[in-house]
Amino acid sequence: MEYNFKKVEKKWQDIWEESGVFHAKLDKSKEKFYCLVEFPYPSGQGLHVGHPRSYTALDIIARKKRLQGYNVLYPMGWDAFGLPTENYAIKNKIHPEIVTRDNIAKFKSQLKALGFSFDWSREINTTDPKYYKWTQWIFLKLFEKGLAYKKEMAVNWCTSCKCVLANEEVVNGVCERCGNEVVRKVKKQWMLKITEYADRLIDDLDELDYIERVKLQQINWIGRSHGAQVDFTTTEGDTITVYTTRPDTLFGATYMVLSPEHPLIDKWADKLQNIDEINAYRDMAAHKSDFERTEINKEKTGVELKGVRAINPVNSKEIPIFISDYVLISYGTGAIMAVPGHDTRDWEFAKKFGLPIIEVVSGGDVEKEAYTDIENGIMVNSGFLNGLSVEEAKEKIIEWLIKEGKGERKTNYKLRDWVFSRQRYWGEPIPIVECPKCGYVPLPESELPLELPKVESYEPTDTGESPLAKLTDWVNTTCPKCGGAAKRETDTMPQWAGSSWYFLRYCDPHNDECLASKEALDYWTPVDWYNGGMEHTTLHLLYSRFWHKFLYDIGVVPTKEPYKKRTSHGMILGENGEKMSKSRGNVVNPDEIVNTYGADTMRLYEMFIGDFEKAAPWSSTSIKGCKRFVDRYWSFRDILIPDKKIRDELLSSFHKTIKKVTHDIDNLKMNTAIAALMSLMNEISETGKITREELRIFTILLNPFAPHVTEEVWELEGFGGRVTDAKWPEYSEELCEEKKVEIAVQINGKVRSRIVIDADATQEQAIADAKADARIREELSGKTVLKEIYVKGKLVNIVAK
RNA sequence: GCCGAUGUGGCGGAAUAGGCAGACGCAAGGGACUUAAAAUCCCUCGAUGGCAACAUCGUAUCGGUUCAAGUCCGAUCAUCGGCACCA
């Protein structure tokens with residue numbers, strides 16, 4: 001009888017929903033396993049075939065862990081604040097709340113049709129006031145501890161979204177989301193002091209089971225470097241402080257460079273002979289966007305500050321000072337000592353401006369290029385540092401600087417504080433009031449949630465203010481502290497706010513007293529396994545680690561880190577090997593696939609498509625192989641015999657398969673796990689029959705991958721209860737071994753014959769058997785055997801001449 | 001430029017810890033069943049030579065270590081991802 005996947009899949013999805021089998025209950029007698037996938041942004045396009053790759057993989061892990069007796073939490077929710085919804089709402093004149101509700105409904109039905117074992121009783125939505133009450137609460141705590149502050153600063157302004165972006169959201173000078181130009185704009189912004197956690201965000205990675213490239217990317221993004229701060233004096237008596245990772249090269253500093261925005265320039269205005277030229281340069285630099293400034297990578301530009309000179313603290317030599325836009329105001333001190341002999345950028349600048357280049361580390365030719373090797377060089381022309389290695393010289397000069405009061409040891413980071421303000425409507429309101437007398441005053445906790453006011457128009461304004469600013473009734477309020485007239489903050493939080501702690505809410509999603517009860521957090525956290533996209537490594541993943549560490553510091557959560565293990569899936573590409581997109585016309589619609597082949601086939605195919613971590617192109621023909629696999633499994637019932645045991649000739653195959661599937665799932669090698677099941681199926685099919693026990697075991701092994709068809713077979717064959725109540729099969733190492741093995745016999749490394757021997761044969765026996773083989777005897781005649789090698793269960797190699 | 005990853009049949013991809021390269025699947029070709037098609041089942045399927053048993057070559061390129069290299073070492077090329085004047 002043909003398998004009717006449409007009927008069967010719907011039937012079991014309904015049963016799972018009604019029975020609540022996947023609802024996780026806090027049960028301290030059982031070992032917990034918290035399995036997490038990144039909750040989606042419910043966009044108008046609906047589910048992408050990329051989403052189920054991650055969801056299916058962790059669904060398989062969740063289902064297998066349940067069968068292994070774990071108490072599994074596998075939740076799902078919606079990261080629903082954000083710009084696309086707001087833009088769609090503006091365009092179509094529908095309130096974002098309604099757009100969000102509709103999109104969620106669509107997403108949810110699509111996810112249900114794929115048979116994921118999510119605990120829907122814990123569904124959360126970041127736009128629900130009951131949820132964002134706690135997002136706001138965390139913000140108030142950050143504010144209370146001085147980690148949230150408002151600051152006037154140059155920010156990345158997207159000209160199309162009319163909104164501020166975090167540094168992480170600017171990609172190649174354009175807006176990550178809409179691809180439009182990003183310019184710098186000075187605005188007062190809420191900032192979060194993520195830099196305060198920079199060290200811990202790097203150091204604590206050591207204890208985590210994250211894939212290596214995620215760790216590396218985070219480390220590089222934070223960009224920690226060790227060096228020294230050095231004070232140079234000037235002929236005007238000022239101090240210019242620089243940061244350098246190469247204090248050892250101090251004797252080679254032949255000039256200094258200030259960033260065009262450096263405050264000392266204004267101070268010296270009267271003394272500078274070429275102030276017009278200087279101002280013109282500063283003007284030009286100010287009008288360039290960050291992108292332009294970094295793009296002009298080829299040629300160094302700059303202007304000398306004529307009238308002021310600096311004094312190198314180590315040898316009291318007078319050196320010129322320049323301004324140049326290759327020095328950034330936002331990093332270090334906004335000023336550098338230039339060592340053209342040993343820094344590529346300084347070298348280029350010195351060559352262009354004809355400045356002296358002094359070699360202070362030997363080993364290269366500083367007239368040809370900067371010598372930057374720090375491993376092999378020996379200090380020269382450096383007074384008391386001469387003869388030392390770079391490492392030794394660094395230590396010695398830092399000690400000297402400290403002793404002389406001319407500098408100190410210093411660690412710097414590329415990471416900047418997190419720009420937390422957005423001038424848009426569809427986000428969490430920031431629960432702060434600005435009072436002319438009291439300054440920034442937090443709302444009392446009792447007034448949370450501060451709900452987003454309902455408005456008619458949520459278009460962004462050209463003035464750069466949030467649409468909320470237009471709601472004077474809402475904006476004008478009283479100061480919670482002094483009771484005087486005050487104004488509400490009108491900026492909202494970025495999309496990353498709600499997702500920075502959502503995994504905690506799943507532990508106790510309906511709690512009105514706190515973000516989650518201590519009991520729930522103690523039991524469920526940390527997340528045991530978190531899978532998500534590489535694109536979130538320096539955004540969501542870093543932000544949420546930061547928030548979690550903060551919550552740990554204030555005693556809200558019991559662990560230092562939110563996620564024990566982090567893995568990442570590759571993208572599913574279009575059939576032509578390119579990224580799927582509407583404009584390329586290569587988008588595969590998951591609904592159509594489920595309709596044509598069924599959810600089980602879709603799940604199997606997405607897992608079978610290739611290495612989970614790598615990108616893989618979709619193939620509309622390959623998926624048929626997975627459909628055949630499901631159908632062939634179904635027709636096992638046609639060849640079923642009532643025997644209640646695994647046949648002897650298949651026993652070792654079964655144990656090997658159980659072993660392989662068990663381990664492959666744990667290692668996210670779903671493709672080879674499925675291949676192993678296919679191989680076992682081929683082996684069973686060759687015998688023309690299958691016993692009840694064989695079908696029962698096969699069904700359990702296949703269940704995490706293809707939950708619907710296996711439930712149906714289980715029920716039809718009356719194996720008792722549901723597969724979801726079954727026990728994951730154990731394997732015996734002993735039974736995995738075959739009694740007889742076929743091994744290769746090589747002569748000089750080339751296979752010349754094959755023989756079957758006892759698996760536990762000794763080296764002597766194996767070699768004797770090999771030599772007894774007719775073919776091998778013939779090959780060896782007239783030759784001298786030089787060496788004999790036996791690799792147990794694999795091969796014999798005879799070296800002969 | 002720096003950091004990281006990858007490179008295997010017509011295609012997607014396998015190959016513990018150096019041990020029979022190409023598992024599993026797709027596509028293709030041939031056959032069975034069928035009035036026919038679909039579905040299903042069976043056979044072939046890296047290249048070259050040979051009727052054949054078999055031989056030689058073959059995991060981006062070049063070289064090395066080893067009884068044995070897709071796997072280890074050195075150099076080169078290509079593709080992808082991240083960072084990018086961070087001193």
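Below, all heavy atoms of this structure are taken into account, side chains as well, without hydrogens, waters or symmetry copies. Quick caveat, the model's predicted, so the values are computed rather than measured.
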Check: Side-chain donor or acceptor of A/K414 under 3.5 Å from a matching atom on the base of B/C83?
Finding: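 Absent.
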Note to self: Contact between A/F698 and A/M681 at the side-chain level, heavy atoms closer than 4.5 Å - yes or no?
What the structure shows: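 Touching, per the 4.5 Å side-chain cut-off.
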Next item on the list: Measure the shortest side-chain to side-chain distance between A/E575 and A/M580 over non-hydrogen atoms and say whether it is less than 4.5 angstrom.
Entry: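 A/E575 vs A/M580: side chains apart.
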Note to self: With a 4.0 Å cut-off on N to O distance, would you call A/E613 and A/K669 a salt bridge?
What the structure shows: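 Answer for the salt bridge query: no.
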Next item on the list: May I ask you to check whether A/F322 and A/F349 place their ring centers less than 6.0 Å from one another?
Entry: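 Yes; A/F349 has its ring centre under 6.0 Å from that of A/F322.
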Could you tell me whether the phosphate oxygens of [N], OP1 or OP2, come under 4.0 Å of any side-chain nitrogen or oxygen in [X]?
X	N	result
A/R752	B/C54	no
A/T344	B/C85	no
A/R628	B/U40	yes
A/Y326	B/A87	no

Give me the distance, rounded to whole Å, that separates [N] from [M] when you measure between the [atom1] atoms they each carry.
N	M	atom1	result
B/A60	B/U8	P	6 Å
B/C83	B/C67	P	47 Å
B/A21	B/U71	P	14 Å
B/A55	B/C3	C1'	47 Å
B/A69	B/C20	C1'	14 Å
B/A53	B/G7	P	34 Å

Item checked: Under 4.0 Å protein heavy-atom contact, by nucleotide of nucleotides 8-22 of chain B - B base, S sugar-phosphate only -> ----BSS----BB--
Margin query: Closest-nucleotide mapping onto RNA chain B: is A/K750 or A/K624 further toward the 5' terminus? I mean the 5' end.
Written below: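 First, find each residue's nearest nucleotide; the 5'-ward one identifies A/K624.
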Next item on the list: Could you point out which residue of A/I757, A/I776, A/V796 forms a side chain to side chain contact (heavy atoms under 4.5 Å, CB included) with A/D769?
Entry: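 Single side chain to side chain contact (heavy atoms under 4.5 Å, CB included) partner of A/D769 among A/I757, A/I776, A/V796: A/I757.
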Next item on the list: Just name whichever nucleotide pairs with B/A78, Watson-Crick or G-U, keeping both distances under 3.5 Å, else none.
Entry: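 Across any shown strand, B/A78 pairs with B/U6.
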Check: Can you check B/G9 for me, syn or anti if syn means within 90° of 0?
Finding: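 In terms of base orientation relative to the sugar, B/G9 is syn.
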Check: Relative to A/Y326, does A/K300 satisfy both conditions: NZ or CZ under 6.0 angstrom from the six-membered ring centre, and within 45 degrees of the ring's axis?
Finding: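 So A/K300 does make the cation-pi contact.
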